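Reviewing the structure listed below.
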Amino acid sequence: MTGSVRSGFLLTTAISGLFFPCVLHAETSEAEVAALRREMAMMRRDMQGEIHRLQMRVSRYEHVAQSKGNNAKVASRTTHPHLVAAGAEEPQPVFAEEPSNPVHHGPRTGSEGHPALPEGPVASWAEFKAASAKEETVHIGGIQVGFPKGRPTIASDDKAYAFSIGLLAQEDVGGFFGMSPRNGEAKGNFNSLTQNARRLRLYLSWRYKDWVVNVTPDFGSSSVDGTVGLFEANLNYTGLRNTTLTVGYFQPRMEEESAERSGAFEFLERPTIVDLVRNLAGGVARFSVGGEHYEKRWLVSGYFTGQKFGDRSKDTTIVDSQTGAVIRAAGRPYVSKDIDVHVGAGATSVFKVNENSSGRQLKLSDNMEVPLGETSLLTSGALTDVAQIWAAGPQLALRWKRFLLKGEYYHIGVQRDHQAQTVHLPSLGFDGWYVAANYTLLGTPRVYSEKTAAFTTPGVTYDFDPATGHWGALEVSGRWSVTDLYGTENQGGEGVNGNQQTVWQGGFNWYPNRHIKVMLDYAHFIVTRSKGVSGGVNLFGRDGNAVVGRVQAAF
C-alpha cells in the first residue's frame, strides 16, 4: 500500500469515527434523524475533499527510492515530509514540510547570483507568486512561510495576502587626513577616526494581490547617526502590465546613479551633483504621486511631488509648502551578450520652494561624498527670493564584458522673484558631472536591469569558502566628479558666493555572498574658497583626503 493510500485510509477511518453517531436518543423524531444524516453526509463529502488535498500534498513530496549506490547522494539532496501530531487547540493536522532542495550556495546563474536589494522595484502580484513558488516554503494550514528573494515572508496559500520584512544595514568607519587649516581659518569637523550608521532601514511591506503598502523607518543618517527618520511610507498598485503607480512618501528617481539603489552603489555615496539634483524635488521621503513603466528596452517615469516628511516639524514657520515634479526617460539602444549601451535623460522642477518666515530661500550644500558627519565645504550660499528651480541633463553608460563606464551631467537653473526684491538678485546657473569606471575581478559582472534602467551589482557565483577556493565577488572602481556652484559674484547677496568641488575616488567592493557587502574607499577632494560656508572653515580653499570602510547587510 503506497504512503498516500495509507494516509488517506487512516484519515478516513479517524474522521468516520469522529463524525458517525454512536447513539441516537429514542425520542428523536424521524425528521430530525433524516436532517442529521443529510448534514453528516455533507460533512463527510467536505472532509473527503480535505483528505484528497492532503494526499496530493503528501504525494508531492514522496520520492522513489534510488539504487543502493546512490542512497547517500539522494539523502543529501531530498527529504520527506512527516506528520506532526496536532495540539489540543489545533483543528487540523499540521505538516512540517522540509524543503526538497538544500540551501543554494552555488554555482548560480547570472540572474540568481546578484545580491539582494531591499529597495528593488515593487513586484506585481504575478511576479510575487512566481518568486514564492520557486523558493522553499513551509505550509501551516492555509498559511505559508518562506523566503522569496531572501526576504522573510508570510503569505496565504493563494498568495493574495502577504507580509514581509527586509533590512539594509550600513556601518561606516574611517577618517580624514591632510586637513590642516590655513592661518585665520577654522579647523572644522574632520575626525581622524570616527564611525557612523549610514543606513539602518527596516522594510515593512503588506500586500493584498496587486495592492502593496511599504513603510520603512530609518535609524541611520548621512551626518549624525542616532537620528530616527523615515525612508518611505506609500501605497502602490501593480495591476497594470510592467507598471507601478505610487502615492505617499517615496523617493522618485531621475538619475541612473539613484536608480541603482543605495545597496548597489559602486562607492559609499552618490556623486555630489546627483545628490543636489535629486533633492530639489525628489529625494528620500518626498511626498509623491506618479508612476513608472518599463519594457525590455526602455523606461519612463513621472511624479508630482510636494514637501518632505518632517519639513513642518523642522521649520514650524512654513506657510506655503513646496510643489514640484520629477521625470525620467531611459533606454538601451544596443544590447548583446557582451555589450550594454544605456542612454537616458532626467529633469526636475520646483514650481515653488517652501515659504517660511524668511520668505522662499534655498541653499545648495553637500559633503565631499564621504558620509562621516564632516563639515560641508561646498555651498551656493543662502539664496533668497527664489521663484523657481529646475535641473536637467543626460546620462550615458557602456558595459563591455566585465568593464563598465558611465557618466551623467546636470545643469541647475535658479530664477529669482524680482517683484519681491528691492535689489534685483541675478538668476543663476550651476553645473556638475561625473565619470565612473568599474571592473569586476571575481564573480559575474554588473548587468543592466530593465526594471530600473540602471546597472546592478556583480553576481556571486559561489559563496565565500576558502577551503574550496571560492571567494565571492570582487570589483574595483574609480570616479571623478566636479560640482560648480559659482554662478556670479554676490549671488546670495553682498559678499555671499558659491564655490567649486572636485573629488577623485577609488575603491574595492567585496561580496562574500548575496547578502553581505564590504567596501573600502579612498577620496581626495579639492574645494575652492567661499565665505558662504558657515564657521569660517573655507576662507581660502581646502583640500584633503579620506579613507572609509563600510560593512553592509541586506535582504
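Below, each value reflects all heavy atoms present in this structure, side chains not excepted, and no hydrogens, waters or symmetry copies. Along the sequence shown, residues carry numbers from 1. Since we're looking at a predicted model, the values are computed, not measured.
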*asked:* Before you tell me yes or no, could you show the steps for V548 and L372 under side chain to side chain contact (heavy atoms under 4.5 Å, CB included), namely the whole-Å CA-CA distance, both residues' side-chain angles and the distance that decides it to 0.1 Å?
replied: CA-CA 9 Å; V548 188; L372 288 176; 3.6 Å; yes
_Any donor-acceptor pair under 3.5 Å from T243 side chain to R241 backbone_ = yes
*Heavy-atom distance under 4.5 Å between the side chains of V343 and L396, does that happen here?*
yes
*T246 and N236 side chains, donor-acceptor separation under 3.5 Å*: yes
*Report yes if some heavy atom in the side chain of Y203 is under 4.5 Å from a heavy atom in the side chain of F231; otherwise report no.*
yes
*Quick one: ring-ring contact (aromatic ring centres under 6.0 Å, His included) partners of Y237, sequence neighbours excluded?*
W211
_side chain to side chain donor-acceptor pair (under 3.5 Å) partners of E255, counting only residues at least two apart_ = S258
*Hey, are R332 and D340 close enough for a salt bridge, meaning a charged N less than 4.0 Å from a carboxylate O?*
yes
*Is the side chain of D225 donor-acceptor paired with the backbone N or O of G220 at a distance under 3.5 Å, no angle test?*
no
*Only one of K406, R270, R278 clears side-chain hydrogen bond (donor to acceptor under 3.5 Å, both in side chains) with E257; which?*
K406
*Locate the shortest heavy-atom distance separating R328 from A453; write the atom from each residue and the value.*
NH2-O, 2.7 Å
*Judged by atom type as modelled, is there a donor-acceptor pair below 3.5 Å linking the side chain of R253 to the main-chain atoms of Q251?*
yes
*Please answer whether the main-chain N or O of R201 pairs with a side-chain N or O of T216 as donor and acceptor at a distance below 3.5 Å.*
no
_Working to the nearest 0.5 angstrom, can you tell me the gap between L245 CG and L235 CG?_
9.5 Å
*Please name the residue in the list Q552, R550, E475 that meets the side chain to side chain contact (heavy atoms under 4.5 Å, CB included) test with N509.*
E475
*Does the pair V289 and F287 meet the rule for a side chain to side chain contact (heavy atoms under 4.5 Å, CB included), with working shown?*
CA-CA 7 Å; V289 180; F287 179 80; 3.8 Å; yes
*Output yes when R199 and E269 qualify as a salt bridge under the 4.0 Å nitrogen-oxygen rule, no when they do not.*
yes
_Reported CD-to-CE distance for the pair E266 and M519, which is rounded to 0.5 angstrom_ = 9.0 Å
*Can you name the nearest heavy-atom pair linking S205 to R151, along with the distance?*
CB-NH1, 4.4 Å
*Calculate, to the nearest 0.5 Å, the distance between atoms CG and CG belonging to D366 and D275 respectively.*
5.0 Å
*Say you draw a straight line from CG of L364 to CG of N279; how long is it, rounded to the nearest 0.5 Å?*
10.0 Å
*Using a distance-only test with no angle check, is there a side-chain donor-acceptor pair under 3.5 angstrom linking Y249 and Q307?*
no
*Should K314 and D311 count as an ion pair when the cut-off is N to O under 4.0 Å?*
no
*How long is the gap from NZ on K451 to NZ on K296, to the nearest 0.5 Å?*
10.0 Å
*Would a 4.5 Å heavy-atom cut-off, applied to side chains only, mark L204 and I165 as touching?*
yes
*Is the shortest heavy-atom distance from the side chain of S321 to the side chain of N354 under 4.5 Å?*
yes
*Do N214 and V122 come close enough that some side-chain heavy atom pair is under 4.5 Å?*
yes
_Test log, rule side chain to side chain contact (heavy atoms under 4.5 Å, CB included), inputs L200 and E171_ = CA-CA 8 Å; L200 295 177; E171 302 280 356; 3.7 Å; yes
*Side-chain heavy atoms of V213 within contact of N234, under 4.5 Å*: no
_Distance-minimising heavy-atom pair for S262 and L168_ = OG-CD2, 3.6 Å
*Hey, is CH2 on W400 packed in by over 12 heavy atoms from elsewhere, all under 6.0 Å?*
no
*Least distance between heavy atoms, D521 atom then Q505 atom*: OD2-NE2, 4.0 Å
*Output the distance between atom CG (D157) and atom CD1 (I143), rounded to the nearest 0.5 Å.*
7.5 Å
*Kindly determine whether T461 and L442 satisfy side chain to side chain contact (heavy atoms under 4.5 Å, CB included), including the steps that lead there.*
CA-CA 9 Å; T461 307; L442 299 175; over 6 Å; no
*asked:* Could you check whether any side-chain heavy atom of F250 comes within less than 4.5 Å of a side-chain heavy atom of T305, counting everything from C-beta outward?
replied: no
*Any idea which heavy atoms bring S481 and Y434 closest together, and the distance?*
CB-CB, 3.7 Å
*For R207 and S164, does a side-chain donor sit closer than 3.5 Å to a side-chain acceptor?*
no
_Any side-chain donor near an acceptor of the partner, T244 and E292, under 3.5 Å_ = no
_Among Y334, F455, Y294, which residue satisfies the ring pair (Phe, Tyr, Trp, His ring centres under 6.0 Å) criterion with Y448?_
F455
*May I ask you to decide if V350's main-chain N or O and Q322's side chain share a donor-acceptor pair within less than 3.5 Å?*
no
_Non-neighbouring partners of F464 that pass ring-ring contact (aromatic ring centres under 6.0 Å, His included), sequence neighbours left out_ = W471, W510
*Please name the pair of heavy atoms, one in P445 and one in T440, separated by the smallest distance, quoted to 0.1 Å.*
CA-OG1, 3.4 Å
*May I ask you to test the L398-I339 pair for a side-chain heavy-atom distance under 4.5 Å?*
yes
_Using 30° and 60° as the class boundaries, would you call the ring planes of H293 and W298 parallel, tilted or perpendicular?_
tilted
